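Structure first, commentary second.
This one's a predicted model, so the numbers in the text were calculated from it and none came from an experiment.
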There are 2 protein chains.
Amino acid sequence: MPNEESRRPHTGRRRNEEARRAILDAAVELIGRDEGPVTIDTIAAAAGVGKQTIYRWWPSKGAVLLEAMAERATADVPVTDTGSLAGDLDAFLLATFRSAGTGRTAPLLRMVMAEAQRDEQVAEVMRDFIAKRRAALRGVLERAGGRGEIRADADLDLMVDQAFGVLWYRILIGHAPLGENEARELGRSLVIQSRP
Amino acid sequence: MPNEESRRPHTGRRRNEEARRAILDAAVELIGRDEGPVTIDTIAAAAGVGKQTIYRWWPSKGAVLLEAMAERATADVPVTDTGSLAGDLDAFLLATFRSAGTGRTAPLLRMVMAEAQRDEQVAEVMRDFIAKRRAALRGVLERAGGRGEIRADADLDLMVDQAFGVLWYRILIGHAPLGENEARELGRSLVIQSRP
DNA sequence: TATTGTCGAGACTTTCCGTCTCGACAAGTA
DNA sequence: TACTTGTCGAGACGGAAAGTCTCGACAATA
């Protein structure tokens, strides 16, 4: 089956980028403000948009939130190279905790994770997102391994999950803060447990 | 205001223990079987019970699932004393992973966590449950600290969250297994990072 | 035997999701 | 300029699920 896009150039009115931004921003804004329910109807109303405009471009509410989350995560957490495992971990974890643990983002992450549990389509995209974040952190560890900073029998995947596990666990339960001190202490414990 | 229970002894028909068991079991069974939706109606029907009988004793579906989860966790994971940190951690983590990572329980945990994100009442009880689990593991670490097995500046709360963080993160995302090997490897990394 | 509270069953209301339809409008085509 | 195509905001609509309410039956106690 040939691709229909290639047979015929696009006709008709184009997608409104302003509507897309308004939807993503309204969703995050509603969740962060924490006043009343966050539904497709309230998001559409807050964005000044019809419901169909949302469903035309996203399959579900979870997909909207997931896109907003991914947008922020990739923009806020670049991978830097300081030359040492301790430095790289500190940079990565500080940026990650700052981005995820902050006021508007944490409630967003909570709702995305909840949606992923009851919507297999959201879970699918979520796994892709998670895989990318894990690969970024794993890259930091592998680079340190190449410098001889990590013992040979260390379980890198487990270390990655320890880091993101603490992050998500604390976000979802809310029993402990996610600040700079916590990021640094976590980085330190990962360095210690992986030393040759 | 005096307690009404103390003024007048209970009269009328008593709570049916068999109905309670049937409700909790039906809920877990429905979630584990993963066929069709798990709602208050389907739980009531599967338990052979009226909806009102559920709402008389639990405020929401999440509360039912949370009770079923807590019931299993406390029964399946006793704290044992082997005399060494490595042994105690192994016993605790093996029992925990066996209980949580297994077929019927993991989907239950997923749904409870999801409910806790959108129901503050469930979240409240959830935090109590989590606090008890964390205290159990922290007790293991403190006992090891008393034996001089842990460095003085170790962050015990962070270690606890690393363990449960990995558990929940892998349950919720499903990107990696939660078997005996993983439990042992996790125990090993916690021992290494906390050595004096 | 009378009172009290639980039982199973199901009707009912409310909320939210997701689909469908409408007239208006914008972008490309003839 | 007309015509075609697809998006826009708005809202009606049906279905699913939560949670409330009522009913007659039944069990435990006074």
Side-chain angles (χ1 to χ4, degrees), chain A residues 4-27 30-31 35-66 111-112 114-123, chain B residues 4-27 30-31 35-66 111-112 114-123:
Chain A
E4 188 159 352
E5 303 281 339
S6 61
R7 284 199 295 99
R8 178 179 53 69
H10 182 84
T11 61
R13 186 175 181 175
R14 306 308 169 81
R15 178 175 189 179
N16 185 350
E17 178 59 25
E18 291 174 16
R20 176 179 166 278
R21 269 260 60 83
I23 291 167
L24 293 175
D25 291 344
L30 279 180
I31 292 178
E35 295 166 2
V38 180
T39 70
I40 291 284
D41 291 80
T42 60
I43 293 172
V49 144
K51 285 171 63 177
Q52 188 62 24
T53 302
I54 296 181
Y55 281 111
R56 198 189 318 275
W57 302 107
W58 293 277
S60 64
K61 179 174 67 178
V64 175
L65 304 182
L66 196 43
M111 190 165 289
V112 170
E115 287 297 310
Q117 301 310 312
R118 60 173 210 76
D119 184 333
E120 179 50 34
Q121 280 191 292
V122 174
Chain B
E4 187 161 351
E5 303 281 339
S6 62
R7 284 199 297 97
R8 179 179 53 69
H10 182 86
T11 61
R13 186 175 181 174
R14 307 308 170 79
R15 176 175 191 178
N16 186 350
E17 178 58 24
E18 290 173 17
R20 177 180 165 278
R21 270 261 58 82
I23 291 166
L24 293 176
D25 292 345
L30 278 179
I31 293 178
E35 296 166 2
V38 179
T39 70
I40 291 284
D41 291 80
T42 60
I43 293 172
V49 145
K51 285 171 63 177
Q52 188 60 24
T53 302
I54 296 181
Y55 280 112
R56 198 189 318 275
W57 302 107
W58 293 277
S60 64
K61 180 175 68 179
V64 175
L65 304 181
L66 194 43
M111 189 166 289
V112 170
E115 287 297 310
Q117 301 310 313
R118 61 171 208 78
D119 184 333
E120 179 51 34
Q121 280 191 291
V122 175

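Trp57(B) has a side-chain polar atom (N or O) that falls below the 4.0 Å cut-off from OP1 or OP2 of dC7(C). An OP1 or OP2 oxygen of dG5(C) is reached within less than 4.0 angstrom by no side-chain nitrogen or oxygen of Arg15(B). Distances shorter than 4.0 Å separate none of the side-chain N or O atoms of Thr53(A) from OP1 or OP2 on dT7(D). Phosphate proximity of dT29(D) to Arg14(B): present, with a side-chain N or O under 4.0 Å from OP1 or OP2.
Between Arg56(B) and Gly12(B), the residue whose closest nucleotide on DNA chain C is further toward the 5' end is Gly12(B).
Checked against side chain to side chain donor-acceptor pair (under 3.5 Å), Asn16(A) has no partners two or more places apart in sequence or in another chain. Asp41(A) is linked by a side-chain contact (heavy atoms from CB on, under 4.5 Å) to Thr39(A), Lys51(A), counting only residues two or more places apart in sequence or in another chain. For Glu17(B), the side chain to side chain donor-acceptor pair (under 3.5 Å) test picks out Arg20(B), with sequence neighbours left out. Looking at residues two or more places apart in sequence or on another chain, you find a side chain to side chain donor-acceptor pair (under 3.5 Å) between Arg118(A) and Glu115(A).
Closest to the Gln52(B) side chain, of the nucleotides dC21(D), dC8(D), dT6(C), is dC21(D).
Residue Ile23(B) comes nearest to Ile43(B) through the heavy atom pair O-CG2, 4.0 Å, listed as atom of the first residue, atom of the second, then distance. Listed here is the closest heavy atom pair of Leu24(B) and Val64(B): CD2-O, 3.5 Å. Ala47(A) and Ala22(A) get closest at one heavy-atom pair: CB-O, 3.5 Å.
Summarising the geometry, the separation between CD on Glu17(A) and C1' on dA26(C) is reported as 16 Å, rounded to the nearest angstrom. Between the P atom of dT6(C) and the CD1 atom of Ile54(B) lies a distance of 16 Å, rounded to the nearest Å. Note: CH2 (Trp58(A)) to P (dC17(C)) measures 15 Å, nearest angstrom.
With hydrogens and angles disregarded, a donor-acceptor distance shorter than 3.5 Å links the side chain of Lys61(B) to the backbone of Val38(B).
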How would nucleotides 13-19 of chain D be written as a contact map, 5' to 3', with B for base contact, S for sugar-phosphate-only contact and - for no contact, using protein heavy atoms under 4.0 Å?
----SSB
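Geometrically, Arg15(B) engages Trp58(B) in a cation-pi contact defined by less than 6.0 Å to the ring centre and at most 45° from the axis.
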Filtered N/O pairs between nucleotides 23-25 of chain C and protein, under 3.5 Å:
residue	atom	partner	partner atom	Å
dC25(C)	O2	Arg13(A)	NH1	3.4

